[in-house]
K.L.:
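Below is one structure. I have some questions about it.
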2 protein chains.
Amino acid sequence: MIKDVARLAGVSHQTVSRVLNNHDSVRQETRERVLRAVEQLHFRPNALARGLARRRSGAIGVVSFDTLLYGPAATLLGVERAARRVGYGISIVAVERLDRDGLAEAVDQLVAQSVAGLVILAPVTTAVAAVRGLPVGVPAVVLESDQVDGLPSVSVDQRAGARLAVEHLLGLGHRTVWHLSGQPDWIEARSRIDGWRQSLAAAGRVAPPVISGDWSAQSGYAAGCELAARRDVTAVFCANDQQALGMLRAFRERGVRVPEDVSVVGFDDIPEAAYLSPPLTTVRQDFDEVGRRCLGQLLELLEPGERPAGAGHPAVAPTLVVRASTGPAPVRP
Amino acid sequence: MIKDVARLAGVSHQTVSRVLNNHDSVRQETRERVLRAVEQLHFRPNALARGLARRRSGAIGVVSFDTLLYGPAATLLGVERAARRVGYGISIVAVERLDRDGLAEAVDQLVAQSVAGLVILAPVTTAVAAVRGLPVGVPAVVLESDQVDGLPSVSVDQRAGARLAVEHLLGLGHRTVWHLSGQPDWIEARSRIDGWRQSLAAAGRVAPPVISGDWSAQSGYAAGCELAARRDVTAVFCANDQQALGMLRAFRERGVRVPEDVSVVGFDDIPEAAYLSPPLTTVRQDFDEVGRRCLGQLLELLEPGERPAGAGHPAVAPTLVVRASTGPAPVRP
DNA sequence: CGCAGGGATGTTATCGGTCACATTCGACGG
DNA sequence: CCGTCGAATGTGACCGATAACATCCCTGCG
């Protein structure tokens, strides 16, 4: 195929290759002639051949999680967007169980495709453990995970997010804040628990027991039913918006008013958050930014010193979005 | 690499290739010897080389839409799952604008990767038009779209879904049903409008004017504000659950009770639907099934007569999930 | 004027597999 | 006993690009 172009342009195939890869040392006029031929034949270099010869394809492999949860999905989209903008394709392998074998299998599969780099979405503890023992052999970045030695990682600063939520609530006069956590084997769930606990401790408050959820609205509802029965609960920090949604439902059903009786804060700022009843105060994560920094880090490894503006700090700062689900602590009877 | 395996097994590289591709006419004993060597060397055939030689990679290209909307995201996941199960990888290109150029670009890019087949998620009218004029040259299936001549397509039967919603509401005694549509240039939005209108017509009811939304909770809220002002509205069919969510919010804010004053039906059955206030009656779409049938159709084209059970009908039937947001029509004052 | 040096281009090997065809060998029928 | 046939395996070309090295030609300098 490249030969057709070469023939039409009256040059060797190698010269065509040079033009396609913006090699210098091609005369301007020749370059134009070649480009014209490319245009005319509607030529697209075969990605497989190119990858084979270069020993590296133009794609970045993403190991992802077989889920529709908002966070992972948004992160994935962020990575895809960022990759697209810097000229990389992405090849996704969604894994059902993020354990040792599943992850190794996924990585193998991607390496067999000669991906240039790897993005590993490792939000659960088993995945982190698996990544630790993995001989990757390809530049890789870990997302939404704990530190894995040797591998750069990018994530939203969950502790900071939790702190925003807690401090907001304490600032409103609540004596303490309850917490409905995410699925316990998720790193983010743990970090939010940590952040919540630390913030309470820093303010000298007693932390109530953690209530364990699983990210679902269902678990938020269940927790809400429990908490509604207690008179001493005035503020709850939910580990994500879906859970908050379920909790709002439980409270309404049981006649607990939000925010008059209990304040609720979520996490994520899903697009619907502003339209719940009441509109949800929540911690916003910028997943696009995560994707961008992730690719920044990866490019640093792939093409050292090429792109100008570097990766930026690997921890993305969340922000608090105050809406109507939080209010002053009720006056004690 | 394959030569290393060949050497270790004491056979020619071609024999190794035969084993890897389950060719017959390899002695059982030889096969085992080769497999042992493969195991021992932890060998993985290079996907690029294989694809290059075969002129067809082991991946299916998916042209998708740069969005986080539940429907497309769920469909994508469904396709990914189905592909994984039949041993294909998927290569996704998310397009920002699904017009002629964007689509052609995406398809080109995927074809340059020698994808075995193409799945085109073409939910908007411009995309359909673009696909029509596209010289694809690769087996392709169109998803969530209108009929495109020549290309098989798979989608949920939107009209049937709308009918379920409308008939449910009429069955509850409502005289007519209002409709908040999705973004007007989406095929699904139009089909739901059609289905809604047809069902009303079939029952001899007058269809109120369509209210145009854009799938977002925000638009549902806006529409809700409008409708809340009218005394003659007793039933609304929203084109998706997000819109319904926004509408519920608007109604609550304005003191319109659901379902006592107005019944609301959504579409999609997002996981949160059961936990809205009130729990949302909605039309459930089985996106996994869409993915499965899509891949069934595609495999039919890729490997004719190989897989046993065929594709199944290309129209997936939605189901109605009745919850608490719908009820008997209020008695007229 | 001859030669070193570097820019522009061409030639050939190579990436890691598969494909098409050649070869070997044992079994079987005439 | 020999020719034929098909199963099992090997050989070399080829997929479509890039990499490494070779070549050519023009310029500048001693």
Side-chain angles (χ1 to χ4, degrees), chain A residues 1-35 37-38 41-59 87 89 108-116 137-138 302-303, chain B residues 1-35 37-38 41-59 89 108-116 137-138 303:
Chain A
M1 207 62 179
I2 202 180
K3 293 201 175 163
D4 300 344
V5 176
R7 197 175 322 123
L8 181 57
V11 296
S12 76
H13 61 115
Q14 176 62 350
T15 298
V16 175
S17 170
R18 290 200 181 94
V19 171
L20 293 174
N21 295 286
N22 313 313
H23 244 282
D24 38 355
S25 79
V26 174
R27 229 182 341 152
Q28 184 59 20
E29 190 241 290
T30 312
R31 179 185 308 278
E32 280 164 13
R33 196 146 33 90
V34 170
L35 288 177
V38 165
L41 296 178
H42 193 68
F43 169 75
R44 279 272 188 159
N46 180 312
L48 299 180
R50 191 201 288 249
L52 181 57
R54 281 206 187 131
R55 283 124 170 255
R56 169 211 268 214
S57 85
D108 275 2
Q109 199 174 315
L110 289 169
V111 168
Q113 290 176 47
S114 311
V115 291
V138 176
L302 294 181
E303 312 166 359
Chain B
M1 209 56 181
I2 201 179
K3 293 199 176 164
D4 300 343
V5 176
R7 197 175 321 122
L8 181 57
V11 297
S12 76
H13 61 116
Q14 177 61 359
T15 298
V16 175
S17 170
R18 288 199 183 95
V19 171
L20 293 173
N21 295 287
N22 314 311
H23 242 284
D24 38 355
S25 82
V26 173
R27 229 184 338 154
Q28 183 60 20
E29 188 241 292
T30 312
R31 178 185 309 276
E32 280 165 12
R33 196 143 36 91
V34 170
L35 288 178
V38 165
L41 297 178
H42 193 70
F43 169 75
R44 278 273 188 160
N46 180 312
L48 299 179
R50 193 203 288 249
L52 179 58
R54 282 208 186 129
R55 286 127 167 245
R56 167 210 270 217
S57 84
D108 274 3
Q109 199 174 315
L110 289 170
V111 168
Q113 291 176 46
S114 311
V115 292
V138 175
E303 312 166 359

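These numbers come from the heavy atoms of this one structure, side chains and all, not from hydrogens, waters or symmetry mates.
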K.L.:
Would you state whether a donor and an acceptor, one from the side chain of A/Arg44 and one from the base of D/dG16, lie under 3.5 Å apart?
P.N.:
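Counting by modelled atom types and ignoring angles, no donor-acceptor contact under 3.5 Å is found here.
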K.L.:
Please find the pair of heavy atoms, one from B/Leu52 and one from A/Leu48, that lie closest to each other, and give the distance.
P.N.:
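Heavy-atom minimum between the residues: N-CD1, 3.8 Å.
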K.L.:
Rounded to the nearest angstrom, tell me the gap between atom CG in A/Leu52 and atom P in D/dC14.
P.N.:
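Distance, rounded to whole Å: 17 Å.
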K.L.:
If you find the nucleotide of DNA chain D closest to B/Arg54 and the one closest to B/Gln28, which residue's nucleotide is nearer the 5' end?
P.N.:
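Taking each residue's closest nucleotide, the earlier one in sequence belongs to B/Gln28.
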K.L.:
Under 4.0 Å, counting only non-hydrogen atoms across every strand here, what does A/Asp24 touch: a base, just sugar-phosphate, or nothing?
P.N.:
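Nothing, no heavy atom under 4.0 Å.
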K.L.:
Report the distance from atom CE of A/Met1 to atom P of D/dA17, rounded to the nearest whole Å.
P.N.:
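Roughly 7 Å, once rounded to whole Å.
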K.L.:
Could you tell me the separation between the CG atom of B/Leu48 and the P atom of D/dT18, rounded to a whole number of Å?
P.N.:
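Spelled out: CG on B/Leu48 to P on D/dT18 is 13 Å.
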K.L.:
If you pin B/Ile2 and A/Arg33 to their nearest nucleotides in DNA chain C, which one's is more 5'?
P.N.:
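In this pair, the answer is A/Arg33.
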K.L.:
Rounded to whole angstrom units, what separation is found between the CZ atom of B/Arg7 and the C1' atom of D/dG10?
P.N.:
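These atoms are roughly 16 Å apart.
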K.L.:
Hey, which sits more toward the 5' end of DNA chain D by its nearest nucleotide, B/Arg27 or A/His23?
P.N.:
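Checking each residue's closest nucleotide, the 5'-ward one belongs to B/Arg27.
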K.L.:
Does any donor-acceptor pair link the side chain of A/His13 with the base of C/dT12 at a separation under 3.5 Å?
P.N.:
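Looking at the base of C/dT12, it does pair with a donor or acceptor on the side chain of A/His13 (distance under 3.5 Å).
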K.L.:
Which nucleotide in the set D/dA17, C/dG17, C/dT9 lies at the smallest distance from any side-chain heavy atom of B/Ala49?
P.N.:
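The nucleotide sitting nearest to the side chain is C/dG17.
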K.L.:
Separation of A/Leu20 atom CG from D/dG16 atom P, in whole Å?
P.N.:
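About 15 Å, once rounded to whole Å.
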K.L.:
When you check the side-chain N and O atoms of B/Arg31 and B/Asn22, is any donor under 3.5 Å from an acceptor?
P.N.:
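No pair is found: no donor N or O on one side chain lies under 3.5 Å from an acceptor on the other.
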K.L.:
Determine whether a donor-acceptor pair (one donor, one acceptor, N or O, separation below 3.5 Å) exists between the side chain of A/Arg18 and the base of C/dG10.
P.N.:
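In this structure, the two groups form a donor-acceptor pair.
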K.L.:
Over how many whole Å does the gap from B/Asn21 atom CG to C/dG16 atom P extend?
P.N.:
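Nearest whole value for this atom pair: 18 Å.
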K.L.:
Any side-chain N or O of A/Asn46 under 4.0 Å from OP1/OP2 of D/dC15?
P.N.:
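The answer is no; no side-chain N or O of A/Asn46 sits under 4.0 Å from OP1 or OP2.
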K.L.:
Round to the nearest Å and state the distance from A/Asp4 atom CG to D/dA17 atom C1'.
P.N.:
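Between C1' of D/dA17 and CG of A/Asp4: 13 Å.
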K.L.:
When you compare the side chains of A/Asn46 and B/Arg55, does any donor N or O come within less than 3.5 Å of an acceptor on the partner?
P.N.:
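Result is no, nothing qualifies.
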K.L.:
Could you check whether A/Thr15 gets within reach of a base, just the sugar-phosphate, or nothing at all, counting any heavy atom under 4.0 Å?
P.N.:
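Answer is sugar-phosphate: A/Thr15 comes under 4.0 Å of backbone atoms only.
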K.L.:
As a test of reading the structure: which of D/dG16, D/dT18, C/dT9 is closest to the side chain of B/Arg55, going by heavy atoms?
P.N.:
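Of all the options, the side chain of B/Arg55 is nearest to D/dG16.
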K.L.:
Of the nucleotides C/dG10, C/dA8, C/dG17, which has the atom closest to the A/Ser12 side chain?
P.N.:
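Looking only at heavy atoms from C-beta outward on A/Ser12, the closest nucleotide is C/dG10.
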K.L.:
Choose from C/dG16, C/dT9, D/dT18 the nucleotide whose nearest atom is closest to any side-chain atom of A/Ser17.
P.N.:
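Given the options C/dG16, C/dT9, D/dT18, the side chain of A/Ser17 is closest to D/dT18.
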K.L.:
Any side-chain heavy atom of B/Val38 within less than 4.5 Å of one from B/Leu20?
P.N.:
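Heavy-atom side-chain distance check passes, below 4.5 Å.
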K.L.:
Nearest to the side chain of A/Gln14, heavy atoms from C-beta on, is which of C/dC19, C/dG16, D/dA19?
P.N.:
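So the nucleotide nearest the side chain must be D/dA19.
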K.L.:
Decide yes or no for A/Leu302 and A/Arg56: does some side-chain heavy atom of the first lie under 4.5 Å from some side-chain heavy atom of the second?
P.N.:
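Counting from C-beta outward, A/Leu302 and A/Arg56 do come under 4.5 Å.
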K.L.:
Side chains of A/Gln109 and A/Gln113: donor-acceptor distance under 3.5 Å anywhere?
P.N.:
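The criterion, which ignores hydrogens and geometry beyond distance, is not satisfied for A/Gln113 and A/Gln109.
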K.L.:
Please report the distance, rounded to the nearest Å, between CZ in B/Arg50 and P in C/dC19.
P.N.:
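Computing the B/Arg50:CZ to C/dC19:P distance gives 10 Å.
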